[in-house]
Amino acid sequence: MYCRNAWRALKEHAAITVPGVVGVFAAVYVLMLAVHAGEVGAAWVQAIGSISAIMAAWLIPLMHERARQKRHQHEIYDSAGWLAVRISNTLNGIDETLKCAGAEEDPIAVIKSWRMFESLSSCEVQNKAAEELPLSAFSGWEISYLIAIRSSAAFCLECVKVIEDWDFESSPDIASAFPLYARLQVHQSQINWAKEHTYNRPGSKLPRVTTN
C-alpha cells in the first residue's frame, strides 16, 4: 500500500511538475554525494550534476510549453461551450417564438417581442465567433463538435433573416409556413449534443447546464 501511494505521488508530482523534476535531480545529486567520496566521488558528482542541469534545461521549458498548450486547449473548449449554450438558447427562442406566433391572434406582436431579445446583428456576431474557433484545437472525431457549432450558428442567422423578411400580409401564419422548421429541430439536437461535450465535458469547471 505504501509503495503504491509513493508511486502515485511520484507520477503526479515528480513526473509532471517543475518542482518534481528539480527534486529528482537533487535526490540523485545527494545520493551520489553520499555514496562516493574523495576525488573520484567529486568527479562523479560533478558529472551527474552537469547531466542533470542539461536535462533540466531541456525538460523544464518543455513542461512549461505542454502546460501552456493544455491551458489553451481548455480555454478554447470553454469558449466553444459558452458559444454552444448561446446558440442553443437562440434556437430554442426561435422555436418558442414560432409556436407562440401560431397560438396568438397577433403573430406580428409576438415577433416584435422576440426581436427585443434577439437581433440579426447579434446572430451575425455569434456566427463570426463560431467561424473563428480554431480547427487545429479539435482533433479526430472532436471536429464534429466544431462542425455542429458552426453549422448551427449559420442556421440561426439564416432563421433570423427569414423572420426579419417575413411578409405577414401575404402569409400571416408564420408558425405553419416557416420553411426552416424541420431543420430547426435537427439543429437543436446537434447543438445540444455539442454543448454536452464541450460546455459539460468531464473535468470542466464551468457551471453545469441541462440539455433541453
Side-chain angles (χ1 to χ4, degrees), residues 69 71-139 141-201 204-212:
Q69 291 177 354
R71 287 195 303 270
H72 184 59
Q73 179 79 14
H74 281 296
E75 289 171 357
I76 292 175
Y77 266 69
D78 287 347
S79 298
W82 279 111
L83 188 55
V85 171
R86 177 70 177 81
I87 295 170
S88 177
N89 291 340
T90 301
L91 292 175
N92 291 338
I94 294 172
D95 189 15
E96 292 298 323
T97 299
L98 292 174
K99 291 177 180 177
C100 290
E104 297 291 335
E105 295 182 359
D106 189 0
I108 298 179
V110 174
I111 297 300
K112 287 183 177 180
S113 177
W114 170 75
R115 285 174 179 168
M116 295 175 61
F117 302 97
E118 198 67 64
S119 65
L120 181 62
S121 59
S122 65
C123 285
E124 287 175 342
V125 173
Q126 184 174 270
N127 187 56
K128 183 175 179 58
E131 291 176 349
E132 291 182 353
L133 286 174
L135 178 63
S136 59
F138 300 83
S139 60
W141 53 269
E142 293 176 347
I143 295 176
S144 300
Y145 307 152
L146 180 60
I147 294 173
I149 291 172
R150 286 183 176 179
S151 63
S152 296
F155 180 73
C156 284
L157 185 58
E158 184 180 359
C159 285
V160 173
K161 287 181 178 179
V162 171
I163 295 174
E164 290 280 349
D165 298 335
W166 192 265
D167 185 0
F168 284 93
E169 291 185 1
S170 61
S171 182
D173 189 7
I174 187 174
S176 59
F178 192 69
L180 305 177
Y181 194 76
R183 290 172 57 196
L184 173 62
Q185 295 176 318
V186 172
H187 280 284
Q188 281 179 301
S189 298
Q190 286 183 350
I191 199 61
N192 284 335
W193 173 77
K195 178 176 66 177
E196 185 65 27
H197 289 84
T198 53
Y199 190 96
N200 288 339
R201 71 188 186 281
S204 172
K205 296 182 180 180
L206 296 172
R208 297 284 293 182
V209 295
T210 57
T211 300
N212 296 325

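Throughout, residue positions are numbered sequentially from 1 according to the sequence presented. Heavy-atom basis, side chains included; hydrogens, waters and symmetry copies ignored.
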Thr97 side chain vs Gly93 backbone, donor-acceptor pair below 3.5 Å: yes
Run the side-chain donor-acceptor check on residues 150-159: report pairs under 3.5 Å with partners two or more places apart or on a different chain.
from: Arg150; atom 1: NE; to: Ala130; atom 2: O; distance (Å): 3.2
from: Arg150; atom 1: NH2; to: Glu131; atom 2: O; distance (Å): 3.1
from: Arg150; atom 1: NH2; to: Leu133; atom 2: O; distance (Å): 2.7
from: Ser151; atom 1: OG; to: Ile147; atom 2: O; distance (Å): 2.9
from: Ser151; atom 1: OG; to: Ala148; atom 2: O; distance (Å): 3.2
from: Ser152; atom 1: OG; to: Ala148; atom 2: O; distance (Å): 2.8
from: Ser152; atom 1: OG; to: His187; atom 2: ND1; distance (Å): 3.4
from: Glu158; atom 1: OE1; to: Arg183; atom 2: NH2; distance (Å): 3.1
from: Glu158; atom 1: OE2; to: Arg183; atom 2: NH1; distance (Å): 3.3

Ser121 OG to Glu124 CD distance, which is reported to the nearest 0.5 Å: 6.5 Å
Spacing of Arg86 atom CZ and Ile149 atom CD1 [to the nearest 0.5 Å]: 14.0 Å
Point-to-point distance, once rounded to the nearest 0.5 Å, from CG of Asn127 to CD of Glu132: 10.0 Å
Stepwise side chain to side chain contact (heavy atoms under 4.5 Å, CB included) test for Tyr181 and Lys99: CA-CA 11 Å; Tyr181 194 76; Lys99 291 177 180 177; 3.4 Å; yes
Nearest-0.5 Å distance, OG1 of residue Thr90 to CG of residue Asp95: 12.5 Å
Steps toward side chain to side chain contact (heavy atoms under 4.5 Å, CB included) verdict (Val110, Ile174): CA-CA 11 Å; Val110 174; Ile174 187 174; over 6 Å; no
Ile191 versus Ala84, closest heavy-atom pair with distance: CG1-O, 3.6 Å
Trp193: which of His197, Gln190, Glu196 passes side-chain contact (heavy atoms from CB on, under 4.5 Å): His197
Ring geometry between Tyr145 and Trp141 (parallel below 30°, tilted from 30 to 60°, perpendicular above 60°): perpendicular
Short side-chain to backbone donor-acceptor contact, Ser113 and Ala109, under 3.5 Å: no
Gap separating the CD1 atom of Ile76 from the CZ atom of Arg71, nearest 0.5 angstrom: 13.0 Å
Approximate separation, where rounding is to 0.5 Å, of Asn192 CG and Leu91 CG: 8.5 Å
Donor-acceptor pair, side chain of Gln73 and main chain of Ala137, under 3.5 angstrom: yes
Note, Ile111 side chain near Trp166 side chain (heavy atom, < 4.5 Å): no
Minimum heavy-atom distance between Ile94 and Val160, given as atom pair plus value: CD1-CG2, 4.3 Å
